> 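Take this structure, written in structure tokens, and hold onto it; I'll ask about it next.
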Amino acid sequence: MMRRGDLVQLNSGGTKMTIFNFVKDLPDPSKEYYLNVGAEENDIVCKWFVGTTLKKEVFKPSMLKSVF
């Protein structure tokens, strides 16, 4: 089971990301925003860096694998 702070990667590979939160656990304004743009409560918010730029995106749990 994935938890906040876990290191994950897309099943297809790519950049390692950190689980920031689950949509269901976000504060109401953020949660409502993501639900209104098509996310589901069990989706995962990940953050990662590209150079010095912080990126953030929501992924379906089935798209991610844990990395150690």
Side-chain angles (χ1 to χ4, degrees):
M1 184 171 144
M2 295 183 189
R3 300 178 304 178
R4 287 181 67 184
D6 284 356
L7 195 60
V8 295
Q9 188 176 40
L10 289 173
N11 290 326
S12 59
T15 303
K16 293 178 183 174
M17 305 175 285
T18 302
I19 294 178
F20 172 70
N21 215 334
F22 293 84
V23 171
K24 65 183 176 190
D25 297 328
L26 291 169
D28 286 339
S30 297
K31 178 180 175 179
E32 288 177 26
Y33 167 78
Y34 284 118
L35 293 175
N36 286 335
V37 295
E40 297 176 0
E41 289 204 355
N42 287 328
D43 290 350
I44 299 171
V45 182
C46 293
K47 290 187 175 185
W48 68 98
F49 280 96
V50 175
T52 57
T53 304
L54 181 62
K55 300 287 187 173
K56 175 175 71 172
E57 188 61 65
V58 176
F59 298 97
K60 303 284 180 205
S62 62
M63 298 173 67
L64 301 172
K65 62 182 177 183
S66 294
V67 250
F68 303 100

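Just so it is clear, the model here is predicted, and its values are computed rather than measured.
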> Looking only at non-hydrogen atoms, find the nearest pair between Ala39 and Val58 and report the distance.
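For Ala39 versus Val58, the nearest heavy atoms are CB-CG1, 4.2 Å.
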> Going by salt bridge (Lys or Arg N to Asp or Glu O under 4.0 Å), name the pairs with one or both residues in residues 2-18, residues two or more places apart or in two chains.
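Checked against salt bridge (Lys or Arg N to Asp or Glu O under 4.0 Å) - neighbours excluded - no pair reaches residues 2-18.
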> Taking distance alone, no hydrogens or angles, what donor-acceptor pairs closer than 3.5 Å link side-chain atoms of residues 44-53 to residues at least two apart or in another chain?
none

> Let me check something: any side-chain donor-acceptor pairs from residues 18-27 under 3.5 Å, sequence neighbours excluded? List them with distances.
none

> List the atom of Asp43, the atom of Pro61, and the distance in Å for their closest heavy-atom pair.
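Minimum heavy-atom separation between Asp43 and Pro61: OD1-CD, 3.8 Å.
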> Would you give the length of the straight line joining atom CE of Met2 to atom NZ of Lys65, rounded to the nearest 0.5 angstrom?
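It comes to 10.5 Å.
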> Same cluster or not: are Tyr33 and Leu35 linked, directly or through other Ile, Leu, Val, Met, Phe, Trp or Tyr residues, by side-chain heavy atoms under 4.5 angstrom apart?
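Yes, one cluster joins them.
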> Identify, with sequence neighbours excluded, every residue that meets salt bridge (Lys or Arg N to Asp or Glu O under 4.0 Å) alongside Glu57.
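For Glu57, no residue satisfies salt bridge (Lys or Arg N to Asp or Glu O under 4.0 Å) once neighbours in sequence are set aside.
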> How far does CD of Gln9 sit from CG of Leu64, to the nearest 0.5 angstrom?
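That separation rounds to 9.5 Å.
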